Amino acid sequence: MSRGFGIVGTGVIAAIHADAIAVLAETGLAETGLAETGLAETGLADVRLVAVTDVAAGAAAAFAAAHGCPAEPDLGALLARSDVDVVCVCVPSGLHAQIGIQAAKAGKHLVVEKPIEVSLEAADRLIDAARAAGVTLTVISQHRFDPGLVELKRLLDAGALGRLVLGEASTKWYRTQAYYDSAAWRGTYAMDGGSLMNQGVHYVDLLRWCMGPPAEVTAVCSTQAHQIEVEDTALAIVRFASGAVGTILSSTAARPGFPQRLEITGTEGTVIVEDGQIVRRALAAGPGPGGQAAPDAGLSAAADPAAVDVASHAAQLADLLDAVDTGREPAVTGESGRAALEIILAVYESSRTGRPVRLSS
C-alpha cells in the first residue's frame, strides 16, 4: 500500500503526529532506537504527510506551512484525496467517533488519539464502523512501545514476576489554569474529561495491559486546584479478575509535575517504570540491572503538554502500517482503547455514587 497520512485537527498533539510521520519517512525505525520493538521496516521510505485540515482555517494553514503540506478546506476534501491512506484523528476527544466514522466510511485506516472517546456508546460506534468498512483502527497508547514497557511485558510473559499481586499506576502532572482556558472544550465532560480521561489514560491502559482485566473499582474524584467542571484529581482502588489488587492515581494539580510511574509486583519480584524506563528491577531470580534514571519531569509532558517524545508515537504508527500490510490486528486495537475507557468511566461512576463498580471485562 501507499502510506499517505492525513491529520484532522491541528492542535497541540497534531504536531507530535506530524513529527512521528517525518521520523518514519526520514529515518525509519532503526535510527530512532526502536528496532528492538520487532516492527518491520519495509516500505517506510514512502511514508509522508499528505494533507491536514481543521475547522480553524488559519490554524490549519499555519500548521500545513510548518510541515510542508497543503491544508484542505474541510474534512470532506481531505477524505476525498486518493493519496490519503491513513487518517490521524487529533480533534477533541468527544468528536473522535464523529470524525473517525466518516474517515472509515471513506476507506481510510485510522489512528485515533487517546482516549478512544468519552462514552462507551460512541467508542462502540467507532469500532463497529471501522470493522464494517474493513479498515484498521489503532488508538494511541504509545507508551506500550517505550523500551521499559517492552521489557516489562517480556518479563511478565516469561513469568519472571511470578503470580501478580499488586499494580500501581500514577500520573502526577501539572496543568495551569491557562491550559484549561486555552480552548472552550478543555476540562468539559462532553469533549475532554478530567485528568484521568485525558492525562492518566495512558497508564490506565498500561496497568490493564500488565495486570489483566479489572473486576471492580472503588474511587474518589475531586477538583482541587482548577476552575473546571471535571476532576483534576482521581484516586481508585482496583480489584483485578485474577485476584490481584491495584491503585490508580491521576492529577493535574501536582505542581510542578512528576514522571508517570508504573509499579508491578508479583510473588517473585517487582519492576518499577518511570516515563517509559525501568528504574528498578528486583527479582527473586536475581536483581538484574537496576534500571535507568527517569527523564527530568520538567522536560516532559508532566509539566508541558507539548513535550511528548515522538519516538514511541512513530513506533505505533509503524505498527499500524505493518498491521495493514500483513493483515494482523495492530498492537493497540479499538477494543484496547475501549477497555481503558471502561475503567475510567467506572472510576467516575464510583466517585459519583460512592459505591464500588463492577466491570464487565
Side-chain angles (χ1 to χ4, degrees), residues 11-13 16 92-94 113-115 117-118 140-143 146 167-208 214 217-238 246-263 272-277 279 294-309 340-354 356-357:
V12 172
I13 200 61
I16 305 302
S93 303
E113 256 301 331
K114 55 73 188 169
E117 249 285 355
V118 297
I140 287 294
S141 187
Q142 79 275 13
H143 295 303
D146 291 348
E168 302 169 78
S170 174
T171 300
K172 295 172 67 175
W173 281 5
Y174 182 68
R175 294 292 182 264
T176 64
Q177 184 63 42
Y179 163 81
Y180 287 107
D181 293 342
S182 66
W185 59 271
R186 291 196 184 278
T188 65
Y189 287 111
M191 289 291 149
D192 190 16
S195 73
L196 186 60
M197 181 83 79
N198 189 313
Q199 286 81 20
V201 59
H202 285 299
Y203 272 55
V204 170
D205 173 71
L206 296 179
L207 185 68
R208 189 189 189 282
V217 300
T218 304
V220 174
C221 299
S222 62
T223 308
Q224 296 283 349
H226 298 96
Q227 309 252 330
I228 50 176
E229 68 179 44
V230 294
E231 96 289 347
D232 63 12
T233 303
L235 178 63
I237 298 171
V238 183
T247 61
I248 297 170
L249 169 62
S250 181
S251 180
T252 53
R255 189 191 292 265
F258 300 88
Q260 285 185 298
R261 185 177 177 96
L262 181 70
E263 299 189 23
I272 301 174
V273 175
E274 290 189 357
D275 279 353
Q277 297 179 352
V279 297
D296 182 352
L299 303 176
S300 75
D304 179 359
V308 177
D309 184 2
L341 175 63
E342 183 182 24
I343 296 170
I344 292 165
L345 293 176
V347 168
Y348 288 168
E349 182 182 350
S350 176
S351 177
R352 186 172 59 252
T353 63
V357 172

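Remember, predicted model here, so these are calculated numbers, not experimental data.
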Engineer: Is there a donor-acceptor contact under 3.5 Å linking the side chains of Tyr180 and Thr252?
Structural biologist: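 Side-chain D/A pair, Tyr180 to Thr252: present.
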Engineer: Do Glu231 and Thr233 get their side chains close enough for a donor-acceptor pair, meaning under 3.5 Å?
Structural biologist: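 Looking only at side-chain atoms, Thr233 and Glu231 do not form any donor-acceptor pair under 3.5 Å.
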Engineer: If you define the side chain from C-beta out and look only at heavy atoms, does anything of Val204 sit under 4.5 Å from Leu207?
Structural biologist: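 Side-chain contact under 4.5 Å: no.
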Engineer: Determine which pairs satisfy salt bridge (charged side-chain N to carboxylate O under 4.0 Å, His left out) with at least one residue from residues 177-200, sequence neighbours left out, and list them in order.
Structural biologist: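 For residues 177-200, and leaving out neighbouring residues, there are no salt bridge (charged side-chain N to carboxylate O under 4.0 Å, His left out) pairs at all.
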Engineer: Do Leu206 and Gln260 touch side chain to side chain, with heavy atoms closer than 4.5 Å?
Structural biologist: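 Side chain of Leu206 against side chain of Gln260, heavy atoms only: no contact under 4.5 Å found.
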Engineer: Could you tell me the separation between the CZ atom of Arg255 and the CZ atom of Arg175, rounded to the nearest 0.5 Å?
Structural biologist: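 It is 13.0 Å, given to the nearest 0.5 Å.
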Engineer: Applying side chain to side chain donor-acceptor pair (under 3.5 Å), can you list everything that pairs with Glu263, at least two apart in sequence or on another chain?
Structural biologist: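 Result, side chain to side chain donor-acceptor pair (under 3.5 Å) vs Glu263: Arg261.
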Engineer: Report the distance from atom CD of Gln199 to atom OH of Tyr174, rounding to the nearest 0.5 Å.
Structural biologist: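 The OH atom of Tyr174 is 13.0 Å from CD of Gln199, to the nearest 0.5 Å.
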Engineer: Check whether any side-chain heavy atom of Leu196 lies under 4.5 Å from a side-chain heavy atom of Ile248, and answer yes or no.
Structural biologist: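 The answer is yes; the side chains approach within 4.5 Å.
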Engineer: Under the rule for side chain to side chain donor-acceptor pair (under 3.5 Å), what residues qualify as partners of Asp146, not counting sequence neighbours?
Structural biologist: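 Asp146 satisfies side chain to side chain donor-acceptor pair (under 3.5 Å) with His143, Ser312 only.
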Engineer: Report yes if some heavy atom in the side chain of Glu168 is under 4.5 Å from a heavy atom in the side chain of Leu262; otherwise report no.
Structural biologist: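 Heavy-atom side-chain distance check fails, nothing below 4.5 Å.
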Engineer: Do Asp205 and Ser141 have side-chain N/O donor and acceptor atoms under 3.5 Å apart?
Structural biologist: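 A pair is found: one side chain offers a donor N or O, the other an acceptor, under 3.5 Å apart.
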Engineer: Can you measure from CD (Gln277) to CD1 (Ile272) and round to the nearest 0.5 angstrom?
Structural biologist: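 Answer rounded to 0.5 Å: 14.0 Å.
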Engineer: Quick one: does Ser222's side chain have a donor or acceptor within less than 3.5 Å of a partner on Gln224's backbone?
Structural biologist: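 Side chain of Ser222 to backbone of Gln224: no pair is present.
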Engineer: Taking side chain as C-beta onward, heavy atoms only, is Cys221 less than 4.5 Å from Tyr348?
Structural biologist: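 When only atoms from C-beta onward are counted, Tyr348 and Cys221 do touch, with a gap below 4.5 Å.
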Engineer: Using a 4.5 Å cut-off on heavy atoms from C-beta on, say whether the side chain of Met197 contacts that of Lys114.
Structural biologist: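 Heavy-atom side-chain distance check fails, nothing below 4.5 Å.
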Engineer: Just by distance, do the side chain of Asp232 and the backbone of Ala225 share a donor-acceptor pair under 3.5 Å?
Structural biologist: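 Pair found, side chain donor or acceptor close to backbone of Ala225.
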Engineer: Drop me the distance from Ser250's OG to Tyr203's OH, to the nearest 0.5 angstrom.
Structural biologist: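 Spacing of OG (Ser250) from OH (Tyr203) equals 12.0 Å.
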Engineer: Does the side chain of Val201 reach to within under 4.5 Å of the side chain of Ile344, using non-hydrogen atoms?
Structural biologist: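 Yes; the side chains approach each other to less than 4.5 Å.
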Engineer: Verify, without hydrogens or angle tests, whether Thr353 (side chain) and Glu349 (backbone) share a donor-acceptor contact under 3.5 angstrom.
Structural biologist: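 A pair under 3.5 Å: yes.
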Engineer: So how far is it from Ser195 OG to Trp173 CH2, rounded to the nearest 0.5 Å?
Structural biologist: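 Between Ser195 OG and Trp173 CH2, I get 10.5 Å after rounding to 0.5 Å.
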